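None of the values given here were measured: they were computed from a predicted structure.
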Amino acid sequence: QVQLVESGGGLVQPGGSLTLSCEASGTDFSLLHAAWYRQVPGKEREYVALITKGFATIYAESAKGRFTISRDNAKNTVYLRMKNLTPEDTAVYLCRAQNLESGVDAIWGQGTQVTVSS
């Protein structure tokens with residue numbers, strides 16, 4: 001079975017930093033595009049950042065200059081490094097991955113909670 005497992009969330013003070021990890025299993029991770037989303041209860045899920053299988057990156061405006069998405073195919077893992085966090089960054093962060101060339105559905109992790117508070 002294919003699955004994604006996020007980790008690294010927690011409580012951080014405003015201005016702090018945190019790095020999230022998303023480890024994939026049951027698939028050839030090098031063939032997948034991967035992205036991070038975040039969601040607050042009662043609000044729409046929000047795109048944060050994308051990294052393609054070719055290591056190109058695209059960021060939402062809210063993430064530009066503060067967040068960095070990266071991947072390590074040898075570890076089947078995608079990362080999201082977050083800096084200068086604000087309370088507006090508080091959310092459940094989820095990773096998503098898909099093989100655009102295979103026709104299979106995208107897969108989602110369960111998410112990890114990030115809380116930015118003093």
Side-chain angles (χ1 to χ4, degrees):
Q1 65 281 5
V2 180
Q3 65 177 31
L4 305 174
V5 179
E6 301 97 335
S7 62
L11 176 64
V12 62
Q13 293 185 337
S17 62
L18 206 60
T19 298
L20 308 181
S21 299
C22 175
E23 184 176 5
S25 61
T27 187
D28 186 348
F29 184 67
S30 67
L31 301 178
L32 305 180
H33 305 291
W36 286 95
Y37 289 73
R38 64 188 183 186
Q39 189 165 28
V40 176
K43 296 183 179 180
E44 294 291 320
R45 186 170 295 176
E46 178 188 15
Y47 162 80
V48 177
L50 169 73
I51 185 165
T52 71
K53 65 179 182 180
F55 297 91
T57 58
I58 305 173
Y59 296 92
E61 195 66 30
S62 61
K64 289 180 179 178
R66 299 190 302 127
F67 294 3
T68 302
I69 188 169
S70 62
R71 66 192 295 162
D72 185 340
N73 289 344
K75 297 181 178 180
N76 290 344
T77 301
V78 60
Y79 304 94
L80 184 68
R81 181 185 299 275
M82 305 183 291
K83 299 180 179 179
N84 193 26
L85 288 162
T86 77
E88 295 300 315
D89 297 314
T90 295
V92 173
Y93 284 72
L94 306 102
C95 61
R96 177 183 187 269
Q98 66 182 139
N99 185 331
L100 294 177
E101 291 76 37
S102 72
V104 300
D105 292 339
I107 54 175
W108 290 86
Q110 290 297 116
T112 184
Q113 176 71 46
V114 173
T115 302
V116 185
S117 176
S118 59

Measuring from [X]:[atom1] to [Y]:[atom2], what's the distance to the nearest 0.5 Å?
X: Thr68; Y: Met82; atom1: OG1; atom2: CE; result: 11.0 Å
X: Tyr93; Y: Leu80; atom1: OH; atom2: CG; result: 7.5 Å
X: Thr77; Y: Leu20; atom1: OG1; atom2: CG; result: 12.5 Å
X: Leu32; Y: Thr27; atom1: CG; atom2: OG1; result: 4.5 Å

In short, disulfide bond (SG atoms under 2.5 Å apart) pairs touching residues 50-118 with sequence neighbours left out are Cys22-Cys95
Please find the pair of heavy atoms, one from [X] and one from [Y], that lie closest to each other, and give the distance.
X: Gln39; Y: Lys43; result: NE2-O, 3.6 Å
X: Ala35; Y: Ile69; result: CA-CD1, 4.4 Å
X: Gly109; Y: Leu94; result: O-CD2, 3.6 Å
X: Ser118; Y: Pro14; result: N-CD, 3.6 Å

Consider only side-chain heavy atoms of I, L, V, M, F, W and Y, link residues closer than 4.5 Å, and tell whether Leu18 and Tyr59 are in one cluster.
yes
| Tyr79 with Val114, same ILVMFWY side-chain cluster at under 4.5 Å | no
Distance-only check: which donor-acceptor pairs under 3.5 Å involve side-chain atoms of residues 48-57, not counting sequence neighbours?
unit_1 : atom_1 : unit_2 : atom_2 : d
Thr52  : OG1    : Gly54  : N      : 3.1
Thr52  : OG1    : Phe55  : N      : 3.3
Thr52  : OG1    : Ala56  : N      : 3.1
Lys53  : NZ     : Glu101 : OE1    : 3.1

So salt bridge (Lys or Arg N to Asp or Glu O under 4.0 Å) across residues 62-80, not counting sequence neighbours, yields Glu61-Lys64, Arg66-Asp89
Residues 104-118 vs salt bridge (Lys or Arg N to Asp or Glu O under 4.0 Å), sequence neighbours excluded, gives none
I'd like to check the side-chain hydrogen bond (donor to acceptor under 3.5 Å, both in side chains) partners of [X]; sequence neighbours left out, ordered by chain and number.
X: Glu23; result: none
X: Thr90; result: none
X: Ser30; result: Asp28
X: Gln113; result: Thr115

Is there a side-chain contact between Ser25 and Asn76, using heavy atoms and a 4.5 Å cut-off? no
Joining Ile, Leu, Val, Met, Phe, Trp and Tyr whenever any side-chain heavy atoms lie under 4.5 Å apart, the cluster holding Val2 also takes in Leu4, Ile107
Quick note, ring pair (Phe, Tyr, Trp, His ring centres under 6.0 Å) partners involving residues 94-116, not counting sequence neighbours, are Tyr37-Trp108
Here the ring pair (Phe, Tyr, Trp, His ring centres under 6.0 Å) pairs for residues 11-33, sequence neighbours left out, are none
Using a 3.5 Å distance criterion without hydrogens, assess whether the side chain of Gln110 forms a donor-acceptor pair with backbone atoms of Glu6. no
Contacts of Ser7 meeting side-chain contact (heavy atoms from CB on, under 4.5 Å) (sequence neighbours excluded), chain-then-number -> Ser21
